[in-house]
Amino acid sequence: MPLPVTSSPARYPLAIIGAGALGLHFAARLAGVVPVAVIARDAGRAARLRAGVQVGDQRYRANAFAAAQPPLADWVIVLVKAGDTAAAAAIAERMEPLGVLSLQNGLTGDLLRAHCRAPRVDQGITTEGAYRERTADGERVQPSGAGETLLPAGFEPAAEMLARAGLRARIEPDIARARLAKLLVNVAINPLAALFGVTNGALLDSPHRVLLDTLVREALPVLHAHGLDLDETAALARVHSVATATARNRASMLQDVLAGRRTELDAITGALLRMADAGGFAVPTHRAVHTLVRAIERAAFDSPEGRG
Ligand SMILES: NC(=O)c1ccc[n+]([C@@H]2O[C@H](COP(=O)([O-])OP(=O)(O)OC[C@H]3O[C@@H](n4cnc5c(N)ncnc54)[C@H](OP(=O)(O)O)[C@@H]3O)[C@@H](O)[C@H]2O)c1
């Protein structure tokens, strides 16, 4: 494996906002091929990341900066949770980038564009996986599965850096369709897993399966109106295959609920409800699921253990 690039240029070729599971996973990989700036929430976190954080089997000493003092960068990847998108967009704008790319779950592109006037602001998708865990000496980020990262046209230099770092990354000409296909999976699996407190694989079994399939069938006309071209059989097969491939995983929305954190419900089911309202589609099961997850989230968030 190549040695990490440790120089600190005045202007970074690449920066990542969000020093969490996926952000540090990407940054640690990229650091082997390009100077990469990591933007953490505050100075204390940035100092800890500069001292080193365990990412997989690598001790990664990040070129980390506090959000209040970000460096200039050509390309910025946003990997904060959806609820922090507006704040991340404002940080990204101050970095005077050529392009800002969200790889978040849910639909966050409009929010990003509303708060960031860079020449290019868009959203790709990734099926890379990583999670954070506490260890005796601090924190570790554990990559949990290699996936694929799709970027919109116009982000070729960023795609090239990701690919050089050994990540499967490419430009997807029809990124809107790819985003909708990922949204379909997310609106079906995430809220149900959070509601029932089960792993993804359990959603394929009774009594959850009927709800899972209902959510897919209800979402399809809405997503078709926006350009998704999967028929019902293909849509169900796609969702079932993701649930099977991630059978033992806890969906991120379930992890958030269990930890008393705000979920990405608004960017996932909320986005579908807004599309349905605009197009006059009835999505009663999604609406019910949205109300229920919101209630659970509020109860967890308001509890003494809730951390927001
Ligand atoms: N993890 C995965 O496997 C995976 C896979 C595909 C997609 N995604 C998507 O990728 C995004 C990130 O997920 P994640 O799992 O990496 O989340 P995460 O571990 O919670 O990381 C998010 C990070 O963003 C930081 N942050 C929040 N607001 C910030 C701000 N204003 N300035 C600087 N940093 C800020 C958080 O800081 P604090 O820790 O201080 O709050 C946290 O370190 C989500 O949209 C998720 O759905 C994740």
Side-chain angles (χ1 to χ4, degrees), residues 5 8-31 33-47 49-50 62-126 128 130 141 149-162 165 167 169 171-172 175-176 178-179 182 262 264 266-268 271:
V5 178
S8 302
R11 185 175 176 86
Y12 279 82
L14 192 76
I16 293 181
I17 302 180
L22 209 57
L24 288 175
H25 166 52
F26 271 93
R29 293 292 292 271
L30 284 155
V33 297
V34 68
V36 50
V38 172
I39 315 306
R41 192 189 280 279
D42 55 36
R45 173 89 175 133
L49 294 171
R50 283 197 297 273
N63 292 319
F65 297 80
Q69 289 178 312
L72 301 179
D74 289 342
W75 300 93
V76 177
I77 298 178
V78 172
L79 278 170
V80 299
K81 287 290 184 88
D84 296 313
T85 302
I91 298 164
E93 184 168 287
R94 290 167 49 209
M95 301 171 83
E96 299 178 17
L98 303 172
V100 179
L101 173 75
S102 161
L103 289 177
Q104 299 160 285
N105 271 329
L107 297 188
T108 58
D110 287 346
L111 193 54
L112 206 53
R113 270 186 288 274
H115 292 87
C116 178
R117 286 159 301 166
R120 290 186 185 78
V121 182
D122 210 336
Q123 184 171 17
I125 59 168
T126 186
E128 281 288 319
V141 169
T149 302
L150 305 182
L151 296 85
F155 285 84
E156 285 76 6
E160 191 265 334
M161 287 184 263
L162 291 166
L167 294 155
I171 298 294
E172 167 53 53
I175 197 71
R179 275 195 305 260
K182 180 138 199 240
R262 195 170 31 156
E264 295 187 296
D266 251 350
I268 296 175

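Atom-to-atom distance recorded for R113:CZ and H115:NE2 is 13.0 Å, nearest 0.5 angstrom. In this structure, L79 CG and I39 CD1 are separated by 12.5 Å, a value rounded to the nearest 0.5 Å. Interatomic distance, OG1 of T149 versus CG of L167, reported as 6.0 Å (0.5 Å rounding). The NZ atom of K81 sits 9.0 Å away from the CG atom of N105 when rounded to the nearest 0.5 Å. The distance from the CD1 atom of I17 to the CD1 atom of I77 is 10.5 Å, given to the nearest 0.5 Å. Going from atom CG of L14 over to atom CG of N63 covers 11.5 Å, rounded to the nearest 0.5 Å.
Here the side chains of P9 and L72 are not in contact, with every heavy-atom distance at 4.5 Å or above. Inter-residue side-chain proximity for I171 and E156 is flagged as met; some heavy-atom pair is nearer than 4.5 Å. A heavy-atom distance below 4.5 Å is not found between the side chains of P152 and E172. Put simply, the side chain of R120 reaches to within 4.5 Å of the side chain of W75, judged on heavy atoms. At least one side-chain heavy atom of L24 sits under 4.5 Å from a side-chain heavy atom of L49. Proximity of V36 to Y12: side-chain heavy atoms (C-beta onward) are nowhere separated by under 4.5 Å. Looking only at side-chain heavy atoms (C-beta outward), P70 and F65 stay at 4.5 Å or farther from each other. Residues F26 and L162 meet the side-chain proximity criterion, which asks for heavy atoms closer than 4.5 Å.
Judged purely by atom type and a 3.5 angstrom limit, R11 uses its side chain to pair as donor or acceptor with the backbone of A73. No donor-acceptor pair under 3.5 Å is formed between the side chain of E93 and the backbone N or O of I91. Side-chain N or O atoms of K182 include none that pairs as donor or acceptor with a backbone N or O of G124 at under 3.5 Å. Looking at Q123, its side chain does come within 3.5 Å of a backbone N or O of Q104 through a donor-acceptor pair. Between the side chain of R94 and the backbone N or O of A68 there is at least one donor-acceptor pair closer than 3.5 Å.
For Q69, the CD atom counts as loosely surrounded, since its 6.0 Å shell holds 12 or fewer non-hydrogen atoms of other residues, nucleotides or ligands. Surrounding CZ of R117 are at most 12 heavy atoms belonging to other residues, nucleotides or ligands under 6.0 Å away.
When only modelled atom types and interatomic distance are considered, S102 and T108 share a side-chain donor-acceptor pair under 3.5 Å.
Between A178 and I125 the shortest heavy-atom distance is O-CD1, 3.7 Å. For L151 against A159, the heavy-atom pair with the smallest separation is CD2-N, 3.7 Å. Here the shortest heavy-atom pairing between V121 and C116 reads CG2-O, 3.6 Å. Across all non-hydrogen atoms, the minimal contact from A46 to A40 is N-CB, 3.9 Å. Residues A267 and A82 come closest through the heavy atom pair CB-CB, 3.6 Å. Looking at every heavy atom in both residues, A92 comes nearest to P97 through O-CD, 3.2 Å.
I16 pairs in a side chain to side chain contact (heavy atoms under 4.5 Å, CB included) with only one of the listed residues (L22, L30, V78), which is L30.
A salt bridge between R45 and D42 is absent, with no side-chain N of the basic residue lying under 4.0 Å from a carboxylate O of the acidic one.
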